[in-house]
Amino acid sequence: DTGVSQDPRHKITKRGQNVTFRCDPISEHNRLYWYRQTLGQGPEFLTYFQNEAQLEKSRLLSDRFSAERPKGSFSTLEIQRTEQGDSAMYLCASSLSGVGEQYFGPGTRLTVT
Amino acid sequence: QKEVEQNSGPLSVPEGAIASLNCTYSDRGSQSFFWYRQYSGKSPELIMFIYSNGDKEDGRFTAQLNKASQYVSLLIRDSQPSDSATYLCALNAGGTSYGKLTFGQGTILTVHP
């Protein structure tokens with residue numbers, strides 16, 4: 001088992017561009033989570049999936065953000081019309097159950113110029 | 001009041017000493033509790049989890065949970081310079097927040113030789 005993987009690891013984009021990140025969870029995990037972390041803060045929840053169903057989306061998440069997990073395996077997170085405030089580390093995690101341990105991938109660091 | 005509170009530190013301990021990290025939380029319905037270690041520029045790494053009141057030991061790490069007082073702590077025995085990192089406390093609140101983790105802002109630990 002290779003753990004949670006994320007791609008790309010780094011992304012630099014210009015303001016107004018769209019970006020898409022991919023996450024591959026641990027193979028037997030049916031739950032997948034997206035978090036965002038800025039410097040000096042703990043990760044902040046964005047959204048999560050159980051299999052292909054998106055069960056919760058943070059109220060802090062603007063409509064520019066969308067996530068999918070079409071076949072219940074990998075997930076994508078898209079940010080449309082990026083803003084400088086979107087610059088952060090985007091973290092993906094997976095777990096076997098709702099209250100169980102979550103394991104994080106290496107993250108995608110987004111820089112919006 | 002923040003949902004999860006940690007002293008941001010930095011906490012500095014000499015090599016070989018016991019490092020004590022504390023976390024308090026506001027939601028009495030919280031079900032599961034986690035400690036993550038995060039090195040600078042890296043993603044969080046799960047090091048301990050605890051679900052029941054009392055102590056849980058794993059190697060040099062001991063997690064302590066007191067639901068009545070709403071705190072969880074992490075003790076690191078025989079601290080090593082390689083333990084220098086940010087330690088994140090997280091909880092799964094359950095109920096309508098079932099699944100997502102809520103994090104504190106982290107405590108920076110420095111172990112000096």
Side-chain angles (χ1 to χ4, degrees), chain A residues 3-10 21 23 25-26 29-51 53-61 67 69 88-111, chain B residues 2-10 21 23-25 27 29-52 56 58 61 63 65 67 72 74 85-108:
Chain A
V4 180
S5 62
Q6 293 186 246
D7 184 70
R9 299 288 301 276
H10 303 275
F21 309 141
C23 172
I26 294 171
H29 287 183
N30 60 8
R31 285 186 171 243
L32 185 149
Y33 310 81
W34 286 99
Y35 295 85
R36 176 174 62 190
Q37 186 177 27
T38 54
L39 198 62
Q41 302 298 315
E44 174 189 34
F45 170 79
L46 295 179
T47 188
Y48 82 94
F49 295 83
Q50 179 167 302
N51 300 314
Q54 187 173 19
L55 297 187
E56 186 175 348
K57 186 175 177 180
S58 169
R59 288 171 291 177
L60 302 176
L61 210 58
R69 194 183 182 196
M89 174 80 89
Y90 289 83
L91 296 162
C92 177
S94 68
S95 72
L96 267 175
S97 68
V99 295
E101 308 89 75
Q102 295 184 21
Y103 297 90
F104 284 85
T108 295
R109 183 168 296 283
L110 173 67
T111 302
Chain B
K2 292 182 180 178
E3 293 181 74
V4 181
E5 294 210 45
Q6 295 182 254
N7 187 328
S8 60
L21 304 160
C23 172
T24 58
Y25 60 93
D27 187 342
S30 298
Q31 297 185 8
S32 47
F33 304 84
F34 307 89
W35 283 99
Y36 287 85
R37 177 175 62 198
Q38 187 171 29
Y39 293 114
S40 180
K42 302 297 185 181
S43 63
E45 174 192 8
L46 180 66
I47 55 172
M48 288 291 287
F49 57 90
I50 186 166
Y51 300 152
S52 304
K56 179 181 178 182
D58 184 2
F61 299 100
L65 174 61
K67 289 188 176 182
V72 57
L74 179 70
T86 297
Y87 288 80
L88 296 162
C89 172
L91 59 83
N92 190 316
T96 56
S97 299
Y98 189 79
K100 73 176 187 181
L101 292 180
T102 301
F103 285 82
Q105 68 179 59
T107 298
I108 298 171

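Within every chain, numbering begins at 1; the chains are lettered A, B, ... in the order of the sequence lines, protein sequences first and strands thereafter. Everything quoted here is computed from the prediction, not taken from an experiment.
To the nearest 0.5 Å, atoms NZ (B/K42) and CE (A/M89) are separated by 8.5 Å. Distance CD/A/Q37 to OG/B/S43: 9.0 Å, rounded to 0.5 Å. Rounding to the nearest 0.5 Å gives a distance of 5.5 Å between OH of A/Y35 and CZ of B/F103. The distance from atom OG of A/S95 to atom CG of B/N92, rounded to the nearest 0.5 Å, is 8.5 Å.
Side-chain atoms of B/L88 and A/P43, non-hydrogen and from C-beta on, do get closer than 4.5 Å to each other. The shortest distance between side-chain heavy atoms of B/L101 and A/Y33 does not fall below 4.5 Å. Contact annotation: the side chain of A/F45 never approaches that of B/T102 to less than 4.5 Å [non-hydrogen atoms, C-beta and beyond].
For a residue to count as touching a neighbouring chain, one of its non-hydrogen atoms must lie under 4.5 Å from one of that chain's; by this rule B/E45 does not touch chain A.
Summarising the geometry of A/E101 relative to B/F49, their closest heavy-atom pair is CG-CD2, 3.4 Å, with the distance given to 0.1 Å.
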